[in-house]
Amino acid sequence: MSAWDVLLHFERSHRAHAPVDFRRWKRASQRALRALFPGSDVRVLDATAGLGDHTVNLAELGFLVTAGDASQVAREATLAACTAAGLEVPVLDVRWETLGTSHPSAFDLIFHDAIHWIEYEAVMHEVLQSLRAALRPGGALAFFFADFRDPNPGAGERVRLWDLQNMARHELAYREPYEDGHVTKTIVRVPVNDVVQEHHLFVIEAPEKEPRLESAMLTRIYRWDFAAMQEIALRAGFSRLEGHLFENDKGHPTTMCLAYV
């Protein structure tokens, strides 16, 4: 299993015990997108389907949605979430770097909340070219992390320094029922050069069984601030970038960027 498969598998289990409406918590960005694109026939790809939260929200807001994810765990979870919500949404095995070839000019919008996890510039350029090719003329890629309110080079590095000062290096996330025993999740964050490696450790314990460990490591990338994304998106063929400010469900200001074909 990939790191994302492991994380999503345990996140599905965790949600059965967490008293949080994750779908409502994530809905603000989809509402903001709907206000910008109010038509009845706007075709949207949720390119980071995950556990289906954004997919369901987008479909309930009236977009014509297709969900996509490279993770089988994500696709199964998204299909289950759509079925539970009474929605019929195509759920595809999507690779960002080949989307422009497999689905040329297919979408008006691509919703992508994980593009800032791409580490290398060459890969980012390839992915952006592919996403652009999957959009129709006048279409847009919606993405996050890049904050247009700080458009100067080095904004991402300032976020990294803030995180290093404020994020716990070791964190006991939870201990809760799992299968016929319990799972304990611990997060360990390790700064390495200009990134932070985030290790998610899951210890599974059950009566009369040896404990077992499952783990996943993600790398927090900080280089894709607004200045960097604007430069590479224009180079990949997008015509312009613009930023939008909205409030999330907790009343906190949040930003979303759109890269237009």
Side-chain angles (χ1 to χ4, degrees), residues 4 22-37 44-48 50 53-54 57-58 61 96 109-132 135 139-169 171 187 189 191-198 218-261:
W4 284 107
F22 290 92
R23 196 168 298 156
R24 176 183 176 186
W25 177 62
K26 296 181 177 183
R27 193 170 293 148
S29 61
Q30 290 96 73
R31 286 200 304 265
L33 199 61
R34 192 57 172 151
L36 294 167
F37 297 88
V44 180
L45 172 69
D46 179 3
T48 49
D53 300 321
H54 295 137
N57 288 344
L58 289 164
L61 286 170
W96 304 334
L109 288 171
I110 296 178
F111 185 91
H112 202 308
D113 71 343
I115 203 163
H116 55 283
W117 289 96
I118 296 174
E119 186 167 2
Y120 300 108
E121 181 177 345
V123 178
M124 178 65 84
H125 186 263
E126 180 184 17
V127 167
L128 286 173
Q129 283 187 315
S130 175
L131 297 178
R132 180 192 175 280
L135 287 164
L141 166 67
F143 63 96
F144 302 86
F145 178 76
D147 191 339
F148 69 94
R149 295 172 299 177
D150 190 352
N152 299 310
E157 174 62 11
R158 290 187 282 277
V159 175
R160 185 184 73 89
L161 293 175
W162 189 94
D163 279 356
L164 291 177
Q165 293 176 350
N166 293 275
M167 284 196 313
R169 298 296 178 89
E171 177 184 347
I187 302 173
R189 300 182 177 96
V192 179
N193 298 323
D194 63 340
V195 304
V196 175
Q197 293 179 347
E198 192 169 84
L218 300 180
T219 302
R220 286 183 172 267
I221 311 298
Y222 294 89
R223 61 182 62 114
W224 301 119
D225 52 31
F226 189 81
M229 285 300 295
Q230 180 165 254
E231 188 278 329
I232 199 168
L234 294 177
R235 184 152 48 88
F238 286 91
S239 64
R240 73 182 194 279
L241 264 67
E242 64 182 35
H244 296 271
L245 186 68
F246 61 93
E247 285 190 354
N248 64 20
D249 280 9
K250 295 182 179 180
H252 299 151
T254 308
T255 62
M256 173 175 63
C257 292
L258 295 175
Y260 283 89
V261 174

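Values reported hereafter were calculated over all heavy atoms of this structure, with side chains retained and with hydrogens, waters and symmetry mates removed. What you see is a predicted model; the values in this text were computed from it and never measured.
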Task: Nearest heavy-atom neighbours spanning I118 and I221 - done: O-CG2, 3.8 Å

Open item on the list: Tell me the closest heavy-atom pair linking H112 and A47, and the distance in Å.
Closed with: CD2-CB, 4.0 Å

Task: Under 3.5 Å donor-acceptor, R34 side chain and L61 backbone - done: yes

- [ ] Over all heavy atoms of both residues, which pair between L258 and F37 is shortest? Give the atoms and the distance, please.
- [x] CD1-CE1, 4.0 Å

- [ ] Using side-chain contact (heavy atoms from CB on, under 4.5 Å) as the criterion, list what pairs up with F148, not counting sequence neighbours.
- [x] F226, L245, T255

Task: Where at least one partner belongs to residues 117-126, residue pairs that pass salt bridge (Lys or Arg N to Asp or Glu O under 4.0 Å), sequence neighbours excluded - done: E121-R235

Open item on the list: Taking D194 first and then R160, would you say they form a salt bridge - that is, a charged N and a carboxylate O separated by under 4.0 Å?
Closed with: no

Task: Closest non-hydrogen atom pair, R27 against N57 - done: NE-OD1, 3.3 Å

- [ ] Mark yes or no for whether W224, through its side chain, and F145, through its backbone, hold a donor-acceptor pair below 3.5 Å.
- [x] no

Task: Residue pair F238 / V261: nearest heavy atoms and the distance that separates them - done: CD2-N, 4.0 Å

TODO: Ignoring hydrogens and angles, tell me if any N or O in the side chain of D163 forms a donor-acceptor pair with the backbone of M167 under 3.5 Å.
DONE: no

Task: side chain to side chain contact (heavy atoms under 4.5 Å, CB included) between S29 and F246, worked out - done: CA-CA 8 Å; S29 61; F246 61 93; 3.6 Å; yes

TODO: State, to 0.1 Å, how close R132 and A236 come at their nearest heavy-atom pair, and which atoms those are.
DONE: CD-O, 3.5 Å

